[in-house]
Amino acid sequence: MGSLRRTHSCNDLGTGNVGEEVVLMGWVLRRRDHGGVIFIDLRDRHGLTQIVFNPAIEEEVHAKAHQLRSEWVLAVRGKVVLRPGDMANPKLATGAIEILASELRILNTSETPPFPLDEEVEVSDTLRLQYRYLDLRRPEMAANLIIRHKAVQAVRTYLHDHGFLEIETPMLTRSTPEGARDYLVPSRVNAGKFYALPQSPQLFKQLLMIAGMERYYQIVKCFRDEDLRADRQPEFTQIDMELSFVDEEQIIKVTEGMITSLFRETRDLDVAPPFKRITYDQAIARFGTDRPDMRFGFEIVDLTGIASGCGFKVFRDIADAGGIVRAINANNCAGFSRKDLDDLTEFAVQFGAKGLAWVKMKAAGEWQSPIAKFFSEEERAEITRTLGATEGDLLFFGADKPAVVCQVLGELRAELARRLDLLKKDNFNFVWVTDFPLMEYDEKEKRFQALHHPFTAPRDEDIDSLEKDPASVYSRAYDLVLNGTEIGGGSIRIHRKDVQLKVLKALSIGEEEARDKFGFLLRALELGAPPHGGIAFGLDRLMMIITGSSSIRDVIAFPKTQKATCPLTEAPASVSRKQLTELYLRPDWKEKE
RNA sequence: GGGGUCGUAGUUCAGUUGGUUAGAAUGCCGGCCUGUCACGCCGGAUGUCGCCGGUUCGAGCCCGGUCGGCCCCGCCA
């Protein structure tokens, strides 16, 4: 840089700076060489400033500017001048002025970038990730990282102001049963033993409460070795919190405040707490999912009572055999084509539906439908009335086991909303989902599984039911859902050893296994554990929604591909035999030639 | 583990029924150009059609396999 030192960013000069001599540093975004005068759009993290090289002012500097190319790194000294005549560019924050260059220092040259940084061309994900450092130079990507920083700052400030301590917990910890697949780290000093990377700091934050820290938080990486999705990465970040001597209401209140502060600092929006609430049972009944998107209607309506005894054998048999029949009314969708309906049927089938019955509402309550003929006039009228259907509506039916019907209709209403463009990105619709069941029966494993995790407290009045009727026990858990995405979840925890053992027993984890896997927690519960509870938010998903991104990758600096690889570093990679030997690992697969 | 979709110039894409020398835009290189802002004009260079195999007189195109990207199901307490 020689003696040059940056005086301003490329976004902060305006008419008020005219006449000042400044030094800017940044990258060449575009070059417009007129043979005589040369214009350079200089870009840094903050914005763009136009630099002018005029041969009549500094001939030598102008000659040097002639060789500039995309993404060369420059230091430019010059005078801020008003753009002449009507040459101001209203599209630029700095468009009223330009820098008349008197000195140009080329800090580095660059090869032609593998993809353009100055256009809105969709570049393939592999290439973007392989050259992520170039991808992140693009203003939209930089903006995402900047807004993520603001979010994290807002959270830290808010939690500090509310008495929380930021405390780190180990990354090398032990594998615990249940939950997602662990990432394992072999121990060199302990032959044949493994650490696991944390799926969350759950047990440590509870131990910090037992340690008397009272209010803890951490913005922390978590690891789950499961398949990836547009909103799922194997390593992701949680805003993790835990509080002592509180109930659900206090946790909800403090986190609503945190989310409010976060939206104010990032988007300057008031999300207006308190947020809506819905019970788990209501969410499933009305929306078919425990993370309802309530930005639109199409609510699910139960028809099992009508179906039982109706003329349509398929519905009747399912209703009489303990299944359910439910439907949604897609208002004003009777114009859907045969192909639309075929596509939606195919969509429903992938969630386990055996088909998708539909009815197009014609004038005077008349049905146009392949199944119309199976119903009596009275039955049709009753269904029409129950669904509030009028001319131009389109009805969809689900008839199957409850879980299948709920999922199919839940996904279907979301798909309808996508097709009808009802999902406005700037409409932030929060809802707390409460009163979850503590556990549900796993048909494959033939045992109960915790819906949240095994440390979630059951409701006091349900503790006695743990042994005889585990399925009827409700928990003290709560999830925060934003636009159909679960962005946070937590619970009041168990702080009594006898209750913890009962819950573990109901989950078919006997005392011996419990002692082996969570002995340290059980012991801690014997030594003055205070009542406590907490919550964790998925920062990446939250940022995805706040920035309107379609993938979690767009709010993570160095994300992984769907096969969990990193095209930039080419991780994961092979290691030497020596490294494996040191770790007491002996691969039994054949090395590829 | 399963379903879908994509892979052609540096980039984004087109490529007909299998038929001569694989195109467009943009970028890149050179020239001209003193007020552009996606500058303009003239000229030029640029291909492992992801990879392997098959069918065929002939394959970017058809078939089989494989690798990779993305989306989804399962999975994600």
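Quick note on labels: first sequence line is chain A, next is B, and so on, each numbered from 1.
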For atom [atom1], what is the distance between [N] and [M], given to the nearest Å?
N      : M      : atom1 : value
G19(B) : C32(B) : C1'   : 43 Å
C6(B)  : A14(B) : P     : 10 Å
U16(B) : G23(B) : C1'   : 13 Å
A24(B) : G47(B) : C1'   : 15 Å
C63(B) : C72(B) : P     : 28 Å
C52(B) : U12(B) : C1'   : 28 Å
C62(B) : G18(B) : C1'   : 8 Å
G43(B) : G7(B)  : P     : 33 Å

[X] [atom1] to [N] [atom2]: how many Å, rounded?
X         : N      : atom1 : atom2 : answer
Gln350(A) : G1(B)  : CD    : P     : 20 Å
Lys560(A) : G68(B) : NZ    : C1'   : 18 Å
Glu346(A) : G3(B)  : CD    : P     : 13 Å
Phe351(A) : C75(B) : CZ    : P     : 13 Å
Ile38(A)  : C32(B) : CD1   : P     : 13 Å
Gln233(A) : G69(B) : CD    : C1'   : 14 Å
Arg418(A) : C71(B) : CZ    : P     : 13 Å
Asp227(A) : C70(B) : CG    : C1'   : 14 Å

Any side-chain N or O of [X] less than 4.0 Å from the OP1 or OP2 oxygen of [N]?
X         : N      : result
Lys563(A) : G69(B) : no
Gln130(A) : G68(B) : no
Gln562(A) : C71(B) : yes
Thr126(A) : G50(B) : no

Output the distance between atom CZ (Phe396(A)) and atom CG (Leu344(A)), rounded to the nearest 0.5 Å.
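CG of Leu344(A) is found 5.0 Å from CZ of Phe396(A).
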Aromatic plane relationship, Tyr131(A) with Tyr133(A) - under 30° parallel, 30 to 60° tilted, over 60° perpendicular:
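Geometry flag for Tyr131(A) against Tyr133(A): perpendicular rings.
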Quick one: closest heavy-atom pair of [X] and [Y], and the distance?
X         : Y         : answer
Pro201(A) : Asp240(A) : CG-OD2, 3.4 Å
Pro458(A) : Ile494(A) : CD-CG1, 4.0 Å
Gly323(A) : Pro402(A) : CA-CD, 4.5 Å

Treat primed atoms plus P, OP1 and OP2 as sugar-phosphate and everything else as base, then score nucleotides 33-43 of chain B 5' to 3': B for base contact with protein heavy atoms under 4.0 Å, S for sugar-phosphate contact only, - for none.
BBBBBSB----
Quick one, give me the B/S/- string for nucleotides 7-14 of chain B, reading 5' to 3', where B means a protein heavy atom under 4.0 Å from the base and S means that only happens at the primed atoms, P, OP1 or OP2.
---SSS--
Need one value for [X]: base, sugar-phosphate or nothing, where a base atom within 4.0 Å counts as base even if backbone is also close, heavy atoms only.
X         : value
Arg553(A) : sugar-phosphate
Asp125(A) : sugar-phosphate
Thr456(A) : nothing
Leu451(A) : sugar-phosphate

Looking only at side-chain atoms of Thr561(A), point me to the closest of C70(B), G74(B), C28(B).
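Within the option list, the nearest is C70(B).
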Given the structure, check if the side chain of Arg69(A) and the base of C29(B) hold any donor-acceptor pair shorter than 3.5 Å.
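No, the side chain and the base share no sub-3.5 Å donor-acceptor pair.
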Does Arg229(A) make a side-chain donor-acceptor contact with the base of G74(B), cut-off 3.5 Å?
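Side chain to base: pair present.
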Looking at Glu226(A) and Arg181(A), would you say the former's side chain and the latter's main chain have a donor-acceptor pair under 3.5 Å?
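Checked: pair present.
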Any donor-acceptor pair under 3.5 Å linking the side chain of Arg476(A) with the backbone of Arg493(A)?
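Absent.
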Checking Arg413(A) against Phe296(A): charged group under 6.0 Å from the ring centre and within 45 degrees of the axis?
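Relative to the ring axis of Phe296(A), which defines the angle, Arg413(A) lies inside both limits.
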Pair partner, [N] [Watson-Crick or wobble, under 3.5 Å]:
N      : answer
C62(B) : G54(B)
G40(B) : C32(B)
A25(B) : U11(B)
U5(B)  : G69(B)

How far apart are the C-alpha atoms of Asp44(A) and Arg137(A), what are their side-chain angles, what is the distance that settles it, and do they pass the salt bridge (Lys or Arg N to Asp or Glu O under 4.0 Å) test?
CA-CA 8 Å; Asp44(A) 66 11; Arg137(A) 282 185 200 162; over 6 Å; no
Measuring centre to centre across the rings, with the benzene-like ring taken for any Trp, is His66(A) within less than 6.0 Å of Phe53(A)?
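No, the ring centres sit 6.0 Å or more apart.
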Can we call the ring centroids of Phe236(A) and Phe223(A) under 6.0 Å apart?
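That pair fails the under 6.0 Å test.
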Greater than 12 external heavy atoms within 6.0 Å of Arg32(A)'s CZ:
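Atom CZ in Arg32(A) is crowded, with more than 12 foreign heavy atoms closer than 6.0 Å.
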